[in-house]
There are 2 protein chains.
Amino acid sequence: MDNINLEIPDLLRRHFPFLRESSLQKEIALVGAIHHFKEGEILMNFGSYIKSVPLLVKGAIKVVREDDVDGKELLLYFLHAGQTCSMSFSCCMMNKKSDIRTTVEDDATLIAIPIKYVDEWMGKYSSWKNFVMQSYDSRMREMVRTIDSIAFRKMDERLLEYLYQKSKVHQSKILFATHQEIADDLNASREAISRLLKKLENSNRVRLERNKIHIL
Amino acid sequence: MDNINLEIPDLLRRHFPFLRESSLQKEIALVGAIHHFKEGEILMNFGSYIKSVPLLVKGAIKVVREDDVDGKELLLYFLHAGQTCSMSFSCCMMNKKSDIRTTVEDDATLIAIPIKYVDEWMGKYSSWKNFVMQSYDSRMREMVRTIDSIAFRKMDERLLEYLYQKSKVHQSKILFATHQEIADDLNASREAISRLLKKLENSNRVRLERNKIHIL
DNA sequence: GAAGTTCTGTGATGCAAATCACAATGTAAA
DNA sequence: TTTACATTGTGATTTGCATCACAGAACTTC
């Protein structure tokens, strides 16, 4: 009778198979809203409060940290379909401001859940509780990987890893990005990235074009 | 009648005031075990499975990441009384191996909770659920701060911040550490740290002795 | 107190990457 | 088509640390 969204159970079945309790699915269908976003849109910016938590069903989201002092950036990780932003969890549950910025990396579809339910369902549905814990866990691990990368790896390795990740995110061997954008994500200088890319091209690992990188 | 630990309710009251549900306190007193550890002891090492989660009631714990490749280290953060290791949460709930090493930074007393209860209580006690979520949240924030520090700050700033943190942890203006130990925590070379400390001494920010640093 | 060990201080050199400075090239706008 | 702008390429210089190489100081052990 209510404004149940009939698409949602199907989306959940396909992308969040662990959330299988049917009463939970019904609740999500009742209160969740499907949204579409285009590449480049900003979902959440620094210092903003969050009012809903996104279940990503299509596309990819980029999570970035920005330095308070001189505005330099650093990519933290990408989110894929079937994942959610645990940062949002903590932000909304503690009602704190966001530390990070999330933008759409690849045209995205998501189910937005108003924050009040995130907490409510934790006690009510064990699959939801597990899902939330699982998200925290994987995000934590991503953060540790990011730390490894900036603390222990040199730029050439980091760049390769980045290209590899980005290729997975877009499911394509052709990446559309300028050297400057890559440099921003890696918190490096554009010149350094240009030179390293040129080296990769010389060793036949990539082919470079304006705004485009072919991974070989 | 059972082996209830009578010290525990009092410890909880003093250090974990948010865990105030009396039935939860009773359960903790029933299944929790008090342990004491001396400075320098290793609580958890890389690759080990965790069988219990620690509620820290006294002292401090250091959480360190080690590089898989060449064994270099990096301090992630310190835990203080009233906190717990959310890494343990995720590790034990997902039954995964540990990514990190935790050692005792300052003689510690903790209540060890067998992991099975961590999950069980999440659905049963809202104060416990909130505590767990809160822990995840603050650990997440610590990680972001760590990332900020290594990505955006130079060694001199990082060193100052480190000395400041360590002074808080030990509640003392006199730190006992060798330059090598500091270098390890910051993933730097001993010589670099020696030189930066000497600079700080010349500008009257610290006074140096063998194995000892006075913060002025 | 002599000998060995662990720390600390400091120079010299090397290297990855930032920064500065332009030229060249490709693309969109007028 | 010419102009304007964004992107890429590349040299020169600087900087922040790592690394190497010792020497001296301060503790420990015998």
Side-chain angles (χ1 to χ4, degrees), chain A residues 40 66-67 69-75 147-163 166 174-215, chain B residues 40 66-67 69-75 147-163 166 174-215:
Chain A
E66 185 173 316
D67 182 25
V69 185
D70 42 10
K72 291 192 288 183
E73 291 186 13
L74 179 73
L75 170 69
I147 288 177
D148 276 3
S149 153
I150 50 180
F152 303 130
R153 308 275 150 257
K154 273 186 290 171
M155 211 32 108
D156 52 351
E157 271 188 89
R158 291 181 57 203
L159 175 59
L160 264 176
E161 170 68 20
Y162 173 86
L163 295 175
K166 193 139 171 148
I174 303 175
L175 307 181
F176 296 85
T178 66
H179 299 180
Q180 185 63 63
E181 281 162 10
I182 298 173
D184 287 345
D185 281 350
L186 294 173
N187 186 38
S189 73
R190 199 267 312 159
E191 295 92 324
I193 298 302
S194 283
R195 284 188 245 259
L196 290 173
L197 282 172
K198 185 92 327 208
K199 252 201 234 169
L200 287 178
E201 185 171 48
N202 290 335
S203 57
N204 286 312
R205 319 270 264 119
V206 302
R207 207 177 75 240
L208 302 177
E209 272 178 70
R210 191 188 168 96
N211 299 321
K212 210 184 284 181
I213 298 171
H214 300 253
I215 299 186
Chain B
E66 184 173 316
D67 183 25
V69 186
D70 42 10
K72 291 192 287 181
E73 293 187 13
L74 179 72
L75 170 70
I147 288 177
D148 275 3
S149 153
I150 50 179
F152 303 130
R153 308 276 151 255
K154 274 186 291 170
M155 211 34 103
D156 52 351
E157 271 187 271
R158 290 181 58 204
L159 176 60
L160 264 176
E161 171 67 20
Y162 173 86
L163 295 174
K166 192 138 172 150
I174 304 176
L175 308 180
F176 296 86
T178 67
H179 299 181
Q180 185 63 63
E181 281 161 10
I182 298 173
D184 288 345
D185 281 350
L186 294 173
N187 185 38
S189 72
R190 199 266 313 160
E191 297 90 324
I193 298 302
S194 285
R195 284 186 245 261
L196 289 174
L197 281 172
K198 183 91 332 206
K199 253 201 234 170
L200 288 178
E201 186 171 48
N202 291 336
S203 56
N204 286 310
R205 317 271 264 120
V206 302
R207 207 178 74 241
L208 302 177
E209 273 177 71
R210 190 188 167 95
N211 298 322
K212 212 184 282 183
I213 299 172
H214 301 252
I215 299 187

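Any value given below was found using the heavy atoms of this structure, including those in side chains, with hydrogens, waters and symmetry copies removed.
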Enquirer: Is it true that atom NZ of B:K72 has more than 12 heavy atoms of other residues, nucleotides or ligands lying nearer than 6.0 Å?
Expert: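 More than 12 within 6.0 Å, yes.
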
Enquirer: Have a look at B:N211 and say if it touches a base, only the backbone sugar-phosphate, or nothing, with a 4.0 Å heavy-atom cut-off.
Expert: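 Touches sugar-phosphate only.
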
Enquirer: May I ask you to verify whether the side chain of B:Q180 and the base of C:dC7 hold a donor-acceptor pair under 3.5 Å?
Expert: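 Side chain to base: no pair below 3.5 Å.
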
Enquirer: Are any non-hydrogen side-chain atoms of B:N187 and B:I150 less than 4.5 angstrom apart?
Expert: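 Heavy-atom side-chain distance check fails, nothing below 4.5 Å.
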
Enquirer: For B:D156 and D:dT15, what is the distance between atoms CG and C1' respectively, to the nearest whole Å?
Expert: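 Taking CG of B:D156 and C1' of D:dT15, I get 12 Å after rounding.
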
Enquirer: Between C:dT6 and B:R210, counting only base atoms on the nucleotide and side-chain atoms on the residue, is there a donor-acceptor pair under 3.5 Å?
Expert: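 Yes, a donor-acceptor pair under 3.5 Å.
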
Enquirer: Confirm from the modelled atom types if A:E191 and C:dC20 form a donor-acceptor pair under 3.5 Å, side chain to base only.
Expert: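 For A:E191, whose side chain was compared with the base of C:dC20, there is a donor-acceptor pair (under 3.5 Å).
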
Enquirer: Would you mind telling me which residue lines up with the more 5' stretch of DNA chain C, B:E209 or A:K72, judged by nearest nucleotide?
Expert: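 Of the two residues, B:E209 wins.
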
Enquirer: What is the separation between atom CZ on A:R190 and atom P on C:dA18, rounded to the nearest whole Å?
Expert: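 Nearest whole value for this atom pair: 12 Å.
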
Enquirer: So how far is it from A:D67 CG to A:E73 CD, rounded to the nearest 0.5 Å?
Expert: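 Answer rounded to 0.5 Å: 10.5 Å.
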
Enquirer: State which of D:dC17, C:dT10, C:dT19 makes the closest approach to the side chain of B:M155.
Expert: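 Of D:dC17, C:dT10, C:dT19, D:dC17 is nearest to the side chain of B:M155.
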
Enquirer: Confirm from the modelled atom types if A:R195 and D:dG11 form a donor-acceptor pair under 3.5 Å, side chain to base only.
Expert: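 Check passes, donor-acceptor contact within cut-off.
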
Enquirer: Could you state the CG-P distance from B:L196 to D:dA18, rounded to the nearest angstrom?
Expert: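 Taking CG of B:L196 and P of D:dA18, I get 9 Å after rounding.
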
Enquirer: Take the protein atom CG of B:N187 and the nucleotide atom P of D:dG16, then report the distance between them rounded to whole Å.
Expert: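 Answer to the nearest Å: 18 Å.
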
Enquirer: Quick one: does B:I174's side chain get under 4.5 Å of B:I213's, heavy atoms only?
Expert: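 No, too far: nothing below the 4.5 Å cut-off.
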
Enquirer: Quick one: A:L197 CG to D:dT7 C1', roughly how many Å, whole number?
Expert: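 Atom-to-atom, A:L197 to D:dT7, this comes out as 13 Å.
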
Enquirer: Taking only N and O in the side chain of A:H179, is any of them less than 4.0 Å away from OP1 or OP2 of D:dG9?
Expert: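 Yes, A:H179 has a side-chain N/O under 4.0 Å of OP1/OP2 on D:dG9.
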
Enquirer: For A:T178, report the nucleic acid contact type (base, sugar-phosphate, nothing); a contact means any heavy atom under 4.0 Å.
Expert: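 Sugar-phosphate: the residue A:T178, judged by heavy atoms under 4.0 Å, touches backbone atoms but no base.
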
